[in-house]
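Down below is the structure, laid out as structure tokens.
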Amino acid sequence: MTNEDERELETELARLHQEHRDLDAAIDALHQSPAPDLLRLQRLKKRKLLLRDRIAFIEDQITPDIIA
């Protein structure tokens, strides 16, 4: 992996972390509302899980495996 590839992955990782935090805030705000939209809440949670999986994949790409 080149340095440029790694920088691109780190940039995408930062963006995904920010989106994950934003979704967390949106989910908390929906929970606080008097009548939360359950379908929207479910969709936000699903999107958050997809982001978590993508973040884990990119972190695995950046961090090389060490064979002991």
Side-chain angles (χ1 to χ4, degrees):
M1 178 180 311
T2 66
N3 285 341
E4 185 177 331
D5 292 339
E6 191 169 331
R7 280 193 303 270
E8 287 177 12
L9 285 176
E10 288 173 354
T11 301
E12 183 178 358
L13 187 62
R15 184 188 61 77
L16 292 173
H17 276 296
Q18 182 61 47
E19 187 176 348
H20 192 269
R21 285 189 296 270
D22 292 346
L23 280 173
D24 204 25
I27 289 169
D28 286 343
L30 270 176
H31 275 295
Q32 301 300 324
S33 67
D37 181 355
L38 297 179
L39 182 60
R40 184 167 185 222
L41 194 58
Q42 183 180 16
R43 287 179 178 162
L44 289 175
K45 287 181 177 182
K46 185 173 183 176
R47 174 72 181 148
K48 188 176 167 187
L49 287 173
L50 290 172
L51 284 174
R52 186 189 69 189
D53 291 344
R54 180 70 180 152
I55 288 169
F57 175 78
I58 291 175
E59 287 174 342
D60 286 345
Q61 294 295 313
I62 292 173
T63 307
D65 289 337
I66 300 173
I67 301 174

Pair up each side-chain donor or acceptor in residues 54-64 with any protein partner under 3.5 Å, not counting sequence neighbours, and list the distances.
unit_1, atom_1, unit_2, atom_2, d
Arg54, NE, Glu12, OE2, 3.4
Arg54, NH2, Glu12, OE2, 3.2
Thr63, OG1, Glu59, O, 3.2

message: Is a donor from one side chain sitting under 3.5 angstrom from an acceptor on the other, for Arg21 and Gln18?
response: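 The answer is yes; a qualifying pair exists.
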message: Can you tell me how far apart CG (Leu51) and CG (Leu44) are? Round to the nearest 0.5 Å.
response: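 The CG atom of Leu51 sits 10.5 Å away from the CG atom of Leu44.
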task: Please round to the nearest 0.5 Å and tell me the distance separating atom CG of Asp22 and atom NE2 of His17.
output: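 Atom-to-atom, Asp22:CG and His17:NE2 are 13.0 Å apart.
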message: Test of understanding: with side-chain hydrogen bond (donor to acceptor under 3.5 Å, both in side chains), list the residues that count as partners of Arg43, not counting sequence neighbours.
response: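 By the side-chain hydrogen bond (donor to acceptor under 3.5 Å, both in side chains) rule, Arg43 matches no residue at all.
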query: By side-chain hydrogen bond (donor to acceptor under 3.5 Å, both in side chains), which residues pair with Arg52, not counting sequence neighbours?
result: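 Expected list: none.
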Can you give each donor-acceptor pair under 3.5 Å made by side-chain atoms of residues 23-36, sequence neighbours left out, with the distance rounded to 0.1 Å?
unit_1, atom_1, unit_2, atom_2, d
Asp24, OD1, Lys48, NZ, 2.7
Ser33, OG, Leu30, O, 2.7

message: Run the salt bridge (charged side-chain N to carboxylate O under 4.0 Å, His left out) test against Arg40 and tell me which residues pass, sequence neighbours left out.
response: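 Arg40 satisfies salt bridge (charged side-chain N to carboxylate O under 4.0 Å, His left out) with no residue once adjacent residues are dropped.
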- prompt: With sequence neighbours excluded, what pairs up with Glu6 under the salt bridge (charged side-chain N to carboxylate O under 4.0 Å, His left out) test?
  reply: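 Testing Glu6 for salt bridge (charged side-chain N to carboxylate O under 4.0 Å, His left out), a comparison that skips the adjacent residues, returns none.
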- prompt: Gln42: what forms a side-chain contact (heavy atoms from CB on, under 4.5 Å) with it, not counting sequence neighbours?
  reply: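 Applying side-chain contact (heavy atoms from CB on, under 4.5 Å) to Gln42 gives Leu39.
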